[in-house]
Amino acid sequence: MESLIKQWDGESVIIRYDRVADAWIFIAIHSTALGPSAGGTRMKPYPHLKEALEDALRLSGGMTLKWAAAGNDYGGGKGVIAVPDSLDSQGRSDLLRRYGTFVHQYNGIFFTGPDYGTSSEDMDIIAETGDPYIFGRTKAAGGSGNPGPYTALGVLTSIQVVAEQVFGTSNLEGKKVLVQGVGSVGRGLTTLLRDTGAEILISDVNPSSTQYFSDEFGLESIPPDEVYDRPCDIFAPCAVGAILNKETIPRLRCRAVAGAANNQLGTPGDADLLRERDILYAPDFIANCGGAMAIIGMEVQGWSHKEAEEKLVHAIKSNLSKVFQMTKADGCSTDEAGKRIADRRLSSA
Ligand code: PPY
């Protein structure tokens, strides 16, 4: 754990052991250069505690890039709650309330909201003690609700933009799109893709998640271990991170990658491997910024639902076209180009 923190380029990590629930809480504050840190809170059991810390550190770094590229005045942060498998519903709610108290103690250096393993309903509970630092509460509680559909819309936009680059048209009719992971965002993306005429392939480590789409719409479900080998036009990773790496990139049989998962590259160098294979990669922190942008837009900037949709689509189109222009102009990877866009804003702060 010491070496993870030593190697990290962020600002601070707050650590708390919750004795009652036997849970560990990590809040990673990667950057406050543009404003207070903000990012979702992930909650799940981790086989090794080190992995929970690693998630917090990596994901908070991704948030710094996401806010900067999207033009929001927030810094990168992420909360991770590593819980035991045995936590029951009451124990979980009580832990969320203690987490809210904890977040509140830091007086707004860290704002949070829903993420993997937490919902808008959970935010309502956290906000009982964590208000006013909690985004993404339910609409009934005055929040903007589940950000998943906004992230999904942004990913669909990214898929259309990469299609335009690679195939000369953003029309997805007949294009084979493979969605890896049909959780909150992947499900929304699959639903949106159905209206585009794309041929959709889905995959999930949890068979019950693909069942609905297979039963209702006859979508083909791919076994998780065959995802990287399956020919398709566009691969949309919407599950775990680090899935684009030395082992998987040589196997890919797609023309482009655009998805919702955070930290899709195993290492920054893997972006070059994709480029060498002529696979166009939409940097994850640009493709998946829709939920984050919509949350801040609607809860802080007073946007309507419709404005949030329009603005996130516009921002993603504009950033991705800049990225693709930069890579053509000087041969850098798309990930590098996206980071330059973010860094320009960060260094002007
Ligand atoms: C993400 O996009 O990964 C987020 O964590 C978005 C976010 C930002 C602020 C509050 C909740 C979620």
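Both ligands and their constituent atoms are indexed starting at 1 by order of listing.
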> Same cluster for Val185 and Leu153 if Ile/Leu/Val/Met/Phe/Trp/Tyr side chains link at under 4.5 Å?
Replying inline: no

> Between Trp67 and ligand 1, which residue portion shows a heavy-atom distance shorter than 4.0 Å: side chain, backbone, both, or neither?
Replying inline: side chain

>> Go through it in stages, so that I can follow the logic: the residues are Glu336 and Arg340, the test is salt bridge (charged side-chain N to carboxylate O under 4.0 Å, His left out), and I'd like the CA-CA distance, side-chain angles, deciding distance and then a yes or no.
In response: CA-CA 6 Å; Glu336 178 56 34; Arg340 280 189 212 162; 3.5 Å; yes

>> Quick check on the hydrophobic clustering: are Val205 and Ile202 connected, directly or via other members, by side-chain heavy-atom contacts under 4.5 Å?
In response: no

> Are there more than 12 heavy atoms of other residues, nucleotides or ligands under 6.0 Å from atom OH of Tyr116?
Replying inline: no

> Is ligand 1 under 4.0 Å from a heavy atom in the side chain of Asn262, in the backbone, in both, or in neither?
Replying inline: side chain

>> Any atom of ligand 1 sitting under 4.0 Å from a heavy atom of Gly136?
In response: no

>> With heavy-atom distances below 4.0 Å as the criterion, list the atoms of ligand 1 near Gly113.
In response: 10 (C), 11 (C)

>> For a quick test of reading the model, state the closest non-hydrogen atom pair linking Arg345 to Ala68 and the distance between them.
In response: CD-O, 3.2 Å

>> Between ligand 1 and Gly291, can you find any atom pair, the residue atom being a heavy atom, that is separated by under 4.0 Å?
In response: no

> Does Gly40 reach ligand 1 with a nitrogen or oxygen that is under 3.5 Å from one of the ligand's nitrogen or oxygen atoms?
Replying inline: yes

> Quick one: which ligand 1 atoms are inside 4.0 Å of a heavy atom on Met63?
Replying inline: 1 (C), 2 (O), 3 (O), 4 (C), 5 (O), 6 (C)

> Could Asp115 and Arg42 be called an ion pair, given the rule that one side-chain N must be under 4.0 Å from one carboxylate O?
Replying inline: yes

> Which atoms of ligand 1 have any heavy atom of Lys78 under 4.0 Å away?
Replying inline: 1 (C), 3 (O), 4 (C), 5 (O)

>> Show the atoms of ligand 1 that are less than 4.0 angstrom away from any heavy atom in Ala292.
In response: 2 (O), 6 (C)

> Between Tyr106 and Tyr133, is the gap from one ring center to the other below 6.0 Å?
Replying inline: no

> So how far is it from Cys332 SG to Arg275 CZ, rounded to the nearest 0.5 Å?
Replying inline: 7.5 Å

> Taking only heavy atoms of Lys66, which atoms of ligand 1 are found under 4.0 Å from at least one of them?
Replying inline: 1 (C), 2 (O), 3 (O)

> Relative to ligand 1, is Asp115 under 4.0 angstrom through side chain, backbone, both or neither, heavy atoms considered?
Replying inline: side chain

> Between Ile296 and ligand 1, which residue portion shows a heavy-atom distance shorter than 4.0 Å: side chain, backbone, both, or neither?
Replying inline: neither

>> Would you say that Arg98 contacts Asp94 through its side chain, given a criterion of any heavy-atom pair below 4.5 Å between the two side chains?
In response: yes

> Atoms of ligand 1 less than 4.0 Å from Thr112 heavy atoms?
Replying inline: 10 (C)

